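Written out below as structure tokens is the structure these notes cover.
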Amino acid sequence: MDFNKIISYYEKLESTRKRLEMIEILAQLFSECIKEENRKDFRKIIYLTQGRLVSEIDDFPTFGIAEKMVIQAISKFTGIANSNVKNLINKKGDVGEALESILKRREGKKQTYSLDTFVKETKTEKILEISRLYSELEKLSKIKGDGSQDQKINLLTGIFRLSSPQSAKFIVKIILSDLRMGIADKTILDSLSLSITGSKNNRSFIEHAYNIHPDLGYIAEKLMKEGLEGIKSITIQVGIPIRMMLASRIQYTEIQKKLGGGDFIAEYKYDGERVQVHKKGQKISLFSRRLKDITHQYPDIVECVNNQVKSENAVFEGEIVAMDAFFEKMLPFQVVSTRRRKYDIEKMKKEVPVCLYSFDLLFENDESLLNLSLNDRRKRLEKMITPSETIQFSNKKMIHNTQEMVEYFNEARKKGAEGIMNKAIGPDSVYKSGNRGFLWIKLKGLEGGKMLDTIDIVIIGGSWGKGRRKGLLSPFYGAVYNKETNMFEFFTRVGSGFSDDDLEQFTDRLKKLEIKKPPKNIICADTPDVWFQPEIIIEVMGDELTISNKSDVGASLGDPRGYSLRFPVYQRIREDKNIYQITTTQEILELFEIQNSQTL
DNA sequence: ACTGATGCGTC
DNA sequence: GTCGGAC
DNA sequence: GTCCGACGACGCATCAGT
């Protein structure tokens, strides 16, 4: 099948925001795919439409190509300077769009150019077979070692040479995993259901199969070849991760009502890394939240699973948390994240001990437990595992009312947890793989964020927005004021919490404050697209202060490390303050001390 | 052998 | 992880 | 309510350049 044919559907998808239309368009594409001559390409087309080469559960090298590399390739291919390519990307809000417009201009058909005229003019040699494109992309992802960046750029320019401007655009978007067509896995499920079974009503079967075997290419092919019966025959396989159940977040006063109004279970929400453990006899595998195989990172956990899990086969979940040397105190997320590595595993095993706080059992021996109630699953979990320092059960408590929940929340926070997870009980409290519903509701703070205070920062720079934010300034670079040195120190970027309207107003106002170079009283290691005269002040909220080697705030105080903010969110503009009344570096230090003294 | 730029995946 | 917009 | 995408800090891996 010709890739140019496929992108005609992609372009239709881009032209609408209506979900029903998108489902229809995608279904038409899939109907093309299941014609005899195209069947061999179906699986590849599914992956490409997801902006990837293989499924989520497939271990395959990533492209190792992101915006900067593509800019170089575009520059090399067209002879346009890097900075000009970057400017065009800023204007278009998308790397692919920028490339397309450059290539169209090159063809000298700026006004009237269309895919049809391209195909007509160039005929057969410009047909880009899916199999050809796919194998080129495979090659691209496999290049590594010395000189690999040049080789990648060369191969990429070679692919551009095979492509119409339109297909080049989409190829770049695929490589960047950033199709921005308004469709993702759920819509693909709808469209598969519609095009192959003739009705969207069958989506639930297909979706369930996808959740417990998260490979849309496999699902699509199986549906095409074996129909709904084939799909219904898919079961959990130990060794293949299933999509994880997630939690919603709502006002804490609404939680009990949302969980049914009566009693519910709360558990500590550990600040670590979610993991799904698969035990098949002696073979243990660990999978991350996004289903990556992370077994090699935690040999200590693997060993304990072997020793402490009684059942022959099992799939269970927990959170891996970094512990102090005595396994008494839980350490912050940043500590456990040093275990996400390929080298020095044994050394780090000793330096950063971890504990797996297990909280759910999904499969035991030959039996799926997904449809059991939470209580039943938990009972089976506690029966199956003999706890030790390295594998424990999550702390849990039966909650009868909101006040009790708040007390338990405060206790959890004192112990170093991020908050609590509130979970429905009763016969409907099944494990909903791949779902973020209201059977589980997290509580991380009684107000907006986890922090007690908001922080006022002055906007010193910004980037040009991407996608739906094209032409708008977003995110913003915010600084705090160091009153001892009289400097403004870069603290955090903020891009979340703004409405479209907010961004338009900020863009208007900030454009007038644009300056070519940062003033001398600004410290900012990073270089934003645009610098601003420090004037506009905004309030931000976050989960907690973080400390790292890369931050500018406090870096002048002797410690090479500096402070920043985890999960920053814009709250409101502060017209009432001047730039010397914003949060100071000194106040950040105090807040950090308070934050660290809150846990036992 | 080291540093900085870039990419990727965790939260 | 957070959030807002479109349906 | 569901789905999508536009955004954050941070740590490690990889590669280019020295």
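By convention in this document, chain letters (A, B, ...) are assigned in the order of the sequence lines, proteins followed by strands, and residues within each chain are numbered from 1. Just so it is clear, the model here is predicted, and its values are computed rather than measured. Note that these values count all heavy atoms, side chains included, but never hydrogens, waters or copies made by symmetry.
Ion pair A/D190/A/K200 not flagged as a salt bridge, since none of the NZ, NE, NH1 or NH2 atoms sits closer than 4.0 Å to an Asp/Glu carboxylate oxygen. The pair A/D529-A/K86 meets the salt-bridge criterion, since a charged nitrogen lies less than 4.0 angstrom from a carboxylate oxygen. Between A/D526 and A/K550 there is no salt bridge, since no side-chain N of the basic residue sits under 4.0 Å from a carboxylate O of the acidic one.
As a whole-Å value, the separation of A/R339 CZ from B/dG9 C1' is 17 Å. Between the CD1 atom of A/I294 and the C1' atom of B/dC8 there is a distance of 14 Å, given to the nearest Å. Rounded to an integer number of Å, the gap from A/E418 CD to C/dG1 P is 7 Å. A straight line from CZ of A/R249 to C1' of C/dG4 spans 15 Å, rounded to a whole angstrom. As a whole-Å value, the separation of A/R289 CZ from C/dT2 P is 10 Å. When the P atom of C/dA6 is taken as reference, atom CZ of A/R469 falls 12 Å away, rounded to whole Å. Computed from coordinates, the A/R290 CZ to B/dC11 C1' distance equals 8 Å when rounded to whole Å. Going from atom CZ of A/R566 over to atom P of C/dC3 covers 14 Å, rounded to whole Å.
Each of A/R274 and A/D500 was matched to the nucleotide of DNA chain C holding its nearest heavy atom; the match closer to the 5' end belongs to A/R274. Taking the nucleotide of DNA chain D with the nearest heavy atom to each of A/K144 and A/T492, the more 5' of the two is matched to A/T492. Two residues, A/G465 and A/S337, neighbour DNA chain D, and the one matched to the more 5' nucleotide by heavy-atom proximity is A/G465. Residues A/K18 and A/F567 both approach DNA chain C. Their nearest nucleotides, taken by heavy-atom distance, put A/F567 toward the 5′ side.
Atom CZ of A/R561 sits in a sparse spot, with 12 or fewer heavy atoms from other residues, nucleotides or ligands closer than 6.0 Å. Surrounding NZ of A/K470 are at most 12 heavy atoms belonging to other residues, nucleotides or ligands under 6.0 Å away. Enclosure of atom NZ in A/K432 is not indicated, since only 12 or fewer non-hydrogen atoms of other residues, nucleotides or ligands lie within 6.0 angstrom.
Among the protein residues, A/F498 comes within range of the sugar-phosphate backbone only, with heavy atoms under 4.0 Å from sugar or phosphate atoms but none that close to a base. Nucleic acid contact class of A/N549 (heavy atoms, under 4.0 Å, all strands): none. Residue A/G147 is in sugar-phosphate contact alone, with no base atom involved, counting any heavy-atom pair closer than 4.0 Å across all strands shown. If you check every strand for non-hydrogen atoms under 4.0 Å, A/K470 touches nothing. Using a 4.0 Å heavy-atom distance criterion, A/I65 is classed as a sugar-phosphate-only contact. Residue-level contact check: A/K152 touches neither bases nor backbone, having no heavy atom under 4.0 Å from any strand. Heavy atoms of A/M22 sit nowhere under 4.0 angstrom from any nucleic acid atom. Contact annotation for A/R52: no contact, since no heavy-atom pair falls under 4.0 Å across all strands. In this structure, A/D185 reaches the sugar-phosphate backbone alone: every heavy-atom distance under 4.0 Å involves primed, P, OP1 or OP2 atoms, never a base.
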Just do the side-chain hydrogen bond (donor to acceptor under 3.5 Å, both in side chains) check on A/T585 and A/Y563 with the steps written out, would you?
CA-CA 9 Å; A/T585 301; A/Y563 301 86; over 6 Å; no

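Between the A/S193 side chain and the A/L189 main chain, no donor and acceptor come within less than 3.5 Å of each other.
For DNA chain D, the span of nucleotides reached by chain A at under 4.0 Å from its heavy atoms goes, 5' to 3', from D/dG1 to D/dA16.
Applying the 4.0 Å criterion to OP1 and OP2 of C/dG4, one finds that A/S499 has every side-chain N and O outside that range. The phosphate of C/dT2 (OP1 or OP2) has a side-chain N or O of A/K444 nearer than 4.0 angstrom.
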Polar atom pairs (N or O), protein with nucleotides 1-6 of chain B, under 3.5 Å:
residue, atom, partner, partner atom, Å
B/dT6, OP2, A/K68, NZ, 3.4

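By the 30° and 60° cut-offs, the orientation of the rings of A/F498 relative to A/Y570 is parallel.
Listed here is the closest heavy atom pair of A/G461 and A/P528: CA-CG, 4.0 Å.
For the side-chain contact (heavy atoms from CB on, under 4.5 Å) test with A/V275, the passing option among A/V354, A/T295, A/I320 is A/I320; the others fail.
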